[in-house]
Protein chains: 2
Amino acid sequence: MKSADLCPRFETGMELLSKRWNGFIIFRLLEGSQRFSELESSLPISGRLLSERLKELEAAGITTRTVYPDTPVRIEYELTEKGRALRPVITSIREWAEKWVNPEELDSMNQ
Amino acid sequence: MKSADLCPRFETGMELLSKRWNGFIIFRLLEGSQRFSELESSLPISGRLLSERLKELEAAGITTRTVYPDTPVRIEYELTEKGRALRPVITSIREWAEKWVNPEELDSMNQ
DNA sequence: ATATACTTGTTACTTTTCGTAACCTCGTTT
DNA sequence: AAACGAGGTTACGAAAAGTAACAAGTATAT
C-alpha cells in the first residue's frame, strides 16, 4: 500500500477475506469441523482449489487439519481460535446483506 | 451454491467483498469522497482495474460518481447509504486483524 | 491556431489465478 | 487380485489481473 494510514494489519485481514472462497470456507467451518468431501460438496469449489485454500488457511493459522485413521481415512478441518474469532466478521457481512441485498441482484451462483 | 442453508444474500455480500480491491476501495471511501487519482495513488491498484471496480460498485449501488465541470474536470466517488452501511464490516475486519495478525505475517503488499 | 498541461480513463499485451476433468495413493473389502 | 472410498494432485485451457503506453476533453500559454 502506498498510503500510511491504511493499517497494515487491516490489509492482511482484508486480503485473507478477499481471496476467493476463503469467506465461504470459514463460514462453513464456523458451523463445526468439516471433512474435505463435506466442504467440497457444500460449496461450488473444485477439489484443486479447496485443497490449495485449506493449505493456505492452515499456514495462516486459521484452520487445523486432523487425520483420523478410520476406514477409510477421515480428515477433519476445523477453525483455530484465530479462525473462530472471525465470526463477528461473517456475522456483520450477513447482517449487511440481509438488509441491503435485494432479491433481484442475487447472483448467478445461486440460480 | 449447492447447500440450502448458505443464505443467498450472504453469498452476494461475500462475493462483493471478496472481489479483489473492493474492500480497500470501500475502506478509502468510508473516509469521505475521493477522486479517481486519489484512490489510484492511495492504493496499489492500476487505473484499469480501478475504473472497472468503480463501475461495478456503482452498478451494485455501493458508490456514486459525480462530475464537477471544474478545470480540469473533477470527478468524485462516494459511498451511497448502502455503501456506508458496510462500515461495521470493515470495522470488524480491522478489529480482528488488530488482535490476530502478528507482525511477521504482514504481507508483501506492505513492504 | 497551435502547443502544452491535467485528469480520467482505455487499449494492447503479458502474467497469474481459476475451473475442469482425469488421474493417483493408500488402506480396506470382495 | 480387483474394486472401492476418501482425499487429494496433475495437466491444461479459460478467465482475471498486472503493466505500460496512449487517447479524450477542457483550459491555459505561446
Side-chain angles (χ1 to χ4, degrees), chain A residues 1-3 11-12 14-26 28-29 32-60 63-78 107-111, chain B residues 1-3 11-12 14-26 28-29 32-60 63-78 107-111:
Chain A
M1 284 285 169
K2 293 170 195 166
S3 170
E11 292 166 33
T12 304
M14 190 71 239
E15 286 204 332
L16 178 86
L17 285 164
S18 66
K19 192 124 195 179
R20 194 158 200 191
W21 303 119
N22 279 354
F24 296 112
I25 293 170
I26 290 163
R28 282 289 179 224
L29 293 178
S33 73
Q34 306 270 326
R35 303 177 63 165
F36 188 91
S37 54
E38 289 176 310
L39 287 169
E40 193 177 18
S41 63
S42 72
L43 297 171
I45 185 178
S46 66
R48 188 179 86 67
L49 276 192
L50 179 57
S51 171
E52 196 173 300
R53 287 297 178 270
L54 288 169
K55 279 182 198 163
E56 292 165 358
L57 289 170
E58 191 181 0
T63 61
T64 57
R65 176 182 188 274
T66 309
V67 179
Y68 296 94
D70 293 3
T71 273
V73 69
R74 181 167 58 90
I75 293 170
E76 296 272 358
Y77 292 91
E78 65 187 311
D107 57 54
S108 55
M109 204 157 112
N110 315 313
Q111 278 140 48
Chain B
M1 285 284 169
K2 294 170 193 165
S3 170
E11 293 167 33
T12 304
M14 190 71 237
E15 286 205 332
L16 178 86
L17 284 164
S18 66
K19 190 123 197 180
R20 196 158 199 191
W21 302 119
N22 278 354
F24 296 112
I25 293 170
I26 291 162
R28 281 289 178 225
L29 292 178
S33 72
Q34 305 269 327
R35 303 178 63 167
F36 189 90
S37 56
E38 288 176 309
L39 287 169
E40 193 177 19
S41 64
S42 72
L43 297 171
I45 185 179
S46 66
R48 189 180 83 69
L49 276 193
L50 179 56
S51 171
E52 196 174 300
R53 287 297 178 273
L54 288 170
K55 279 182 198 162
E56 293 164 358
L57 289 170
E58 191 181 359
T63 60
T64 56
R65 177 183 186 273
T66 308
V67 180
Y68 296 93
D70 293 4
T71 275
V73 69
R74 180 167 57 93
I75 292 169
E76 296 272 358
Y77 292 91
E78 66 187 311
D107 57 53
S108 55
M109 202 157 114
N110 316 311
Q111 277 138 47

Exam field: side chain R35(B) to backbone E40(B), donor-acceptor pair closer than 3.5 Å: no

S42(A) (side chain) donor-acceptor with E38(A) (main chain) under 3.5 angstrom: yes

[atom1] of [X] versus [atom2] of [N]: gap in Å, rounded?
| X | N | atom1 | atom2 | value |
| --- | --- | --- | --- | --- |
| L50(A) | dG7(D) | CG | C1' | 10 Å |
| L49(A) | dA16(D) | CG | C1' | 13 Å |
| I75(B) | dG25(D) | CD1 | C1' | 10 Å |
| E38(A) | dG8(D) | CD | P | 13 Å |

Presence of donor-acceptor pair under 3.5 Å, side chain of R48(A) and base of dG8(D): no

Given dA17(D), dT9(D), dG7(D), the nucleotide with the shortest approach to the side chain of E52(B): dA17(D)

Carboxylate-amine/guanidinium proximity below 4.0 Å for E58(A) and K55(A): no

Residues E52(B) and R48(B) bridged, charged N to O under 4.0 Å: yes

Closest approach of L50(A) to F36(A) (non-hydrogen atoms, all atoms of both residues): CD2-O, 3.6 Å

Over all atoms of both residues, closest heavy-atom pair of Y68(B) and V73(B): O-CG2, 3.6 Å

Sugar-phosphate only, base, or nothing, as touched by S46(B) at under 4.0 Å among non-hydrogen atoms: base

Sugar-phosphate only, base, or nothing, as touched by Y68(B) at under 4.0 Å among non-hydrogen atoms: nothing

P72(A) or K19(A), whichever maps to the more 5' nucleotide of DNA chain C: K19(A)

Residue closer to the 5' end of DNA chain C, E76(B) versus E56(A) (nearest nucleotide): E76(B)

Distance-only donor-acceptor check, side chains E76(A) and S33(A), under 3.5 Å: yes

Residue whose closest nucleotide on DNA chain D lies nearer the 5' end, V73(B) versus Y77(A): Y77(A)

Covered region of DNA chain C, 5' end to 3' end, by chain B [heavy atoms, under 4.0 Å]: dC6(C) to dA12(C)

